[in-house]
Trainee: 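Pasting in a structure now, in structure tokens, and then I'll have a few things to ask.
It should be emphasised that the depicted structure is a prediction, and the values quoted were computed from it without experimental measurement. Numbered from 1 within each chain, the chains take letters A, B, ... in sequence-line order.
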Number of protein chains: 2
Amino acid sequence: MTASPRPTMADVAAAAGVSKALVSIVIRGAVGASLATRERVLNTARELGYRPDTRARLLRSTRSRLLGVVFNVTEPYHAELVELLYEAGEAAGYGVTLSAAGPRRSEQRAVESLLDLGAEALVLIAPSTPAAGLAQLPLPVISMLRPVRGDAAGSVSSDEDAGIRLAMDHLRGLGHSRIAHIDGGTAVGSAARRQSYFSHMADTGLAAGASVFTGGNTEADGSRAARELLDAAGRPGCAARPSAVVVFNDRCALGVLDVLGKAGLSVPRDISVVGYDNSRLARLEHINLTSIGQNGPELAAAAVRAAAARLGGGAAEHLLVPPFLEIGGTTAAPAGSS
Amino acid sequence: MTASPRPTMADVAAAAGVSKALVSIVIRGAVGASLATRERVLNTARELGYRPDTRARLLRSTRSRLLGVVFNVTEPYHAELVELLYEAGEAAGYGVTLSAAGPRRSEQRAVESLLDLGAEALVLIAPSTPAAGLAQLPLPVISMLRPVRGDAAGSVSSDEDAGIRLAMDHLRGLGHSRIAHIDGGTAVGSAARRQSYFSHMADTGLAAGASVFTGGNTEADGSRAARELLDAAGRPGCAARPSAVVVFNDRCALGVLDVLGKAGLSVPRDISVVGYDNSRLARLEHINLTSIGQNGPELAAAAVRAAAARLGGGAAEHLLVPPFLEIGGTTAAPAGSS
DNA sequence: CACATCTTCTAGATCGATCTAGAAGATTTC
DNA sequence: GAAATCTTCTAGATCGATCTAGAAGATGTG
């Protein structure tokens, strides 16, 4: 609470006996200062405890070098990306400012506050604003985790098709062939993952054995779907119970695990389960779900690169980052195999 | 991407035929403008699509009315508070800017970036910086979720003692008397909660039956503690198995539930379990843990009030906000009772 | 009507940096 | 040695708002 006024560039200039323009040059690391004075100025700046004032810098400079990031507070995974974006942004010479969206604060509000702050480009994590809306923003926009077509905005997302394939190849490798899918119902991305499931089943000659149950985003959806799956297997004339299930996401998979366990089935001995998201939930020790994870560091780095490229005048890029498979304790070879 | 330059205050002034000082007065809602012109200026501002530039405002004004918030990206609950702080801050006429701390970005770094941005006061959620460090910051600081003594910083936290009492009163009300505690081991806050447990047991004449097991922050800690609890109950000469357990936090409680279930005990029929935090985890439908929750909206509002009061010259306040009890499916009357 | 008071409005300085244009000195070129 | 070029540095304008001091006009008062 000591109110000693913070030193300004003029203070440093006076103390070092140079003009403030020169101090500015040195602090920014721009060309036009000799090595000797550069060092002298940096030293006096350090002695005075000088730190450039972001407000003034932002106001004057044509290139604010500020990256605005909008994330959703209700999504735990966004928080992880936020930290990685700080890192990637700062490594690329950008400052990063956050603005949170959520049930009580609209995405538009979040975007506006970043605009008013002078952000040079925006990274929106899983934006709900339609592409047309993004196109109207007066600066380059990168959509993360939600692919966008066309030139409205760049996009950087995880390759979902590759993710489903990773899951299925893993199960195939273990010896499974009766692989079912519990989808996300009407959730965003559910249709694409279901499509990937079908196409992979077809590619490996298992198209006839494909079976999909309607799940959803929540544990309740997963539980419901799992009960349906068990019922179907018990009905005469139906295919035998699948030996493995690929589930839309981790939360839904949790409901599936719960029902399977209560039905007396042992996972993974009787049936293998793969989730999607590799969330904190999946990594809880007593759950330890095999799951597909997004490559966060690469996603963040790609988003920053895409933003920088767009600022440099490039066209909107659309990147897909390959996900990875985290093998947990819910997958194993099927009971029948050696 | 259309680069139409954004209108400034001067543009609005020219269009409305007044001075920019007057526009400033109107936009800020300051006194000194007639109702008629006020309306006229606001109308032309709206027509031009004028939005004040935060950078310039921040730079010039003595009172930036900007609240800096530091939160930890790895803590899901912080995200919830962040959104509530936006709401509470904006309701009180403050802008809110975030800065994330985390394993890869130090709290100090987060604080510095807010200082450079011109924040007027800081709200640190569960800061790791010691009180002495907080005292050195050149602006009012409010520590949330971590009580701080003395005048170094204001603090707003949940009343943990009241929380433990809520849990115990709930169990007592159901008819439990053999109530054990699984603590947080060396985790922050564990000692205080353990102390509350003891003092409440004493207050209700149950001091002799008090028993504490060493838990911790994670499910593994909870599992270990639960096994110990079951072992102790089986040993000759030891007290009977408790009919209820109050656990340090939800994560730890999850491990407890897991072990109890695997040991063939039914929760809540054979034993009741109460967690702490009322986290998303606890609210998962198939877990549905009875838990103590923090009153987030009230915490946020209190933090903003405390910051404003401090800015107004008041001394550092230290507030305790009462938590609430969320009754789930893991508590019931003990088996023996009617 | 003269004077004080209040309301409404404006000119211009200011915040702390960046940026442009150009001066001063050192170095190269012919 | 004069001209050209390069390096190093500086004065002063500028970004878009806020804020101070004071002008102009309306209203009240004796």
Side-chain angles (χ1 to χ4, degrees), chain A residues 3 5-42 44-45 48-66 93 95 113 115-120 138, chain B residues 3 5-42 44-45 48-66 93 95 113 115-120 138:
Chain A
R6 156 175 187 152
T8 77
M9 200 163 255
D11 296 332
V12 176
V18 297
S19 73
K20 65 195 178 85
L22 185 56
V23 177
S24 172
I25 289 173
V26 171
I27 295 294
R28 276 177 296 147
V31 291
S34 73
L35 219 76
T37 45
R38 205 172 278 275
E39 194 149 335
R40 191 157 48 91
V41 168
L42 283 177
T44 52
L48 294 184
Y50 169 77
R51 295 178 52 82
D53 187 305
T54 309
R55 298 169 291 182
R57 193 205 284 268
L58 246 39
L59 177 56
R60 183 58 231 261
S61 64
T62 36
R63 299 221 32 199
S64 69
R65 297 205 72 86
L66 187 69
S113 82
L115 247 45
D116 296 348
L117 244 162
E120 204 173 46
Chain B
R6 157 177 184 149
T8 75
M9 199 163 254
D11 295 331
V12 177
V18 297
S19 73
K20 65 194 176 86
L22 185 57
V23 177
S24 174
I25 288 174
V26 171
I27 296 293
R28 277 177 296 149
V31 291
S34 73
L35 219 76
T37 45
R38 204 173 279 274
E39 193 149 334
R40 190 157 49 91
V41 168
L42 283 177
T44 52
L48 294 184
Y50 169 76
R51 296 179 50 81
D53 186 306
T54 309
R55 300 170 290 182
R57 193 205 285 266
L58 247 37
L59 177 57
R60 183 57 233 258
S61 64
T62 36
R63 299 223 31 201
S64 70
R65 298 205 72 86
L66 187 69
S113 81
L115 247 45
D116 295 347
L117 244 161
E120 204 174 46

Trainee: Rounded off to whole Å, could you give me the NZ-to-C1' distance for the A:Lys20 and D:dA11 pair?
Mentor: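 To the nearest whole Å, that distance equals 9 Å.
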Trainee: Consider the side chain of B:Val18, meaning its heavy atoms from C-beta on, and name the nucleotide among C:dT10, C:dC9, C:dA17 that approaches it most closely.
Mentor: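 Of the candidates, C:dT10 comes closest.
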Trainee: Could you state the atom-to-atom distance from CG of A:Asp53 to C1' of D:dC15 in whole Å?
Mentor: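 Rounded to the whole Å, the gap is 14 Å.
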Trainee: Please give me the minimum heavy-atom distance between A:Val26 and A:Ala33, naming the atom from each residue.
Mentor: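 In terms of heavy atoms, the two residues are closest at CG2-CB, 4.1 Å.
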Trainee: Output the rounded distance in Å from CZ (A:Arg6) to C1' (C:dG16).
Mentor: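 Taking CZ of A:Arg6 and C1' of C:dG16, I get 10 Å after rounding.
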Trainee: According to a strict under-4.0 Å criterion, is B:Arg57 in side-chain N/O contact with OP1 or OP2 of C:dC15?
Mentor: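 No, outside the criterion.
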Trainee: Considering just the side-chain nitrogens and oxygens of B:Ser24, establish if one lies under 4.0 Å of OP1 or OP2 belonging to D:dT18.
Mentor: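 So the side chain of B:Ser24 is within the cut-off, an N or O lying under 4.0 Å from OP1 or OP2 of D:dT18.
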Trainee: Classify the nucleic acid contact of A:Val31 as base, sugar-phosphate or nothing, counting any heavy atom under 4.0 Å across all strands shown.
Mentor: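 Nothing: the residue A:Val31, judged by heavy atoms under 4.0 Å, touches no strand.
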Trainee: Do A:Leu117 and A:Leu58 have side chains that get closer than 4.5 Å, going by heavy atoms?
Mentor: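 A:Leu117 vs A:Leu58: side chains touch.
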Trainee: With side chain to side chain contact (heavy atoms under 4.5 Å, CB included) as the criterion, how do A:Asp116 and B:Arg6 come out once you've worked through the C-alpha distance, each side chain's angles and the decisive distance to 0.1 Å?
Mentor: CA-CA 10 Å; A:Asp116 296 348; B:Arg6 157 177 184 149; 2.7 Å; yes
Trainee: Would you confirm whether B:Arg28, through its side chain, and B:Ser24, through its main-chain N or O, come within 3.5 Å as a donor-acceptor pair?
Mentor: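 Yes, the answer is positive, given that a donor and an acceptor are paired below the 3.5 Å cut-off.
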Trainee: Within this structure, what is the CD-to-C1' distance between A:Glu39 and D:dC9, rounded to whole angstrom?
Mentor: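 In whole Å, D:dC9 C1' lies 18 Å from A:Glu39 CD.
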Trainee: Atom CZ of A:Arg38 to atom C1' of D:dT8: distance rounded to whole Å?
Mentor: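 After rounding, the gap between these two atoms is 11 Å.
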Trainee: Measure from CG on B:Leu117 to C1' on C:dA17 and round the result to the nearest Å.
Mentor: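 Taking atom C1' of C:dA17 as the reference, CG of B:Leu117 is at 14 Å.
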Trainee: If each of B:Leu22 and B:Ser61 is mapped to the nucleotide of DNA chain C with the nearest heavy atom, which maps nearer the 5' terminus, i.e. the 5' end?
Mentor: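 The residue closer to the strand's 5' end, by nearest nucleotide, is B:Leu22.
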Trainee: What integer distance in Å separates A:Ile25:CD1 from D:dT8:C1'?
Mentor: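 Rounded to the whole Å, the gap is 8 Å.
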Trainee: Could you check if a side-chain atom of B:Arg40 sits within less than 4.5 angstrom of a side-chain atom of B:Val18, using non-hydrogen atoms only?
Mentor: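 The answer is yes, as the side chains (C-beta and beyond) meet within the 4.5 Å cut-off.
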Trainee: Scan residues 7-16 of chain A against DNA chain C and write down, sorted by residue number, each residue with any heavy atom closer than 4.0 Å; if none is found, say none.
Mentor: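 Contacting residues: A:Thr8, A:Met9.
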Trainee: Between the main-chain N or O of B:Ala16 and the side-chain N or O of B:Thr44, is there a donor-acceptor pair closer than 3.5 Å?
Mentor: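 Checked: no pair found.
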Trainee: For a quick test of reading the model: is some side-chain N or O of B:Arg55 closer than 4.0 Å to OP1 or OP2 of C:dC15?
Mentor: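 So the side-chain polar atoms of B:Arg55 never come under 4.0 Å of the phosphate oxygens OP1 or OP2 of C:dC15.
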Trainee: Within a strict 4.5 Å, meaning less than it, do heavy atoms of the B:Arg65 and B:Arg57 side chains meet?
Mentor: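 No, every pair of side-chain atoms sits at 4.5 Å or beyond.
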Trainee: State, to 0.1 Å, how close A:Leu59 and B:Arg55 come at their nearest heavy-atom pair, and which atoms those are.
Mentor: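 Shortest heavy-atom contact: N-CD, 4.1 Å.
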Trainee: For A:Ala21, which contact category applies under a 4.0 Å heavy-atom criterion: base, sugar-phosphate, or nothing?
Mentor: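 A:Ala21: base contact, heavy atoms under 4.0 Å.
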Trainee: Phosphate oxygens OP1/OP2 of D:dT8: is one of them under 4.0 Å from a side-chain N or O of A:Thr37?
Mentor: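 For D:dT8, neither OP1 nor OP2 has a side-chain N or O of A:Thr37 closer than 4.0 Å.
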Trainee: OP1, OP2 of D:dC19 versus side-chain N and O of B:Thr62: anything below 4.0 Å?
Mentor: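 For B:Thr62, the contact criterion (side-chain N or O under 4.0 Å from OP1 or OP2 of D:dC19) is met.
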Trainee: Nearest-Å distance, CZ (B:Arg60) to C1' (D:dT20)?
Mentor: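 Taking atom C1' of D:dT20 as the reference, CZ of B:Arg60 is at 9 Å.
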Trainee: Quick check: on DNA chain C, is the nucleotide nearest A:Ile27 upstream (toward 5') of the one nearest B:Arg40, or the reverse? Name the residue that is more 5'.
Mentor: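 Looking at the nearest nucleotide for each, B:Arg40 comes out on the 5' side.
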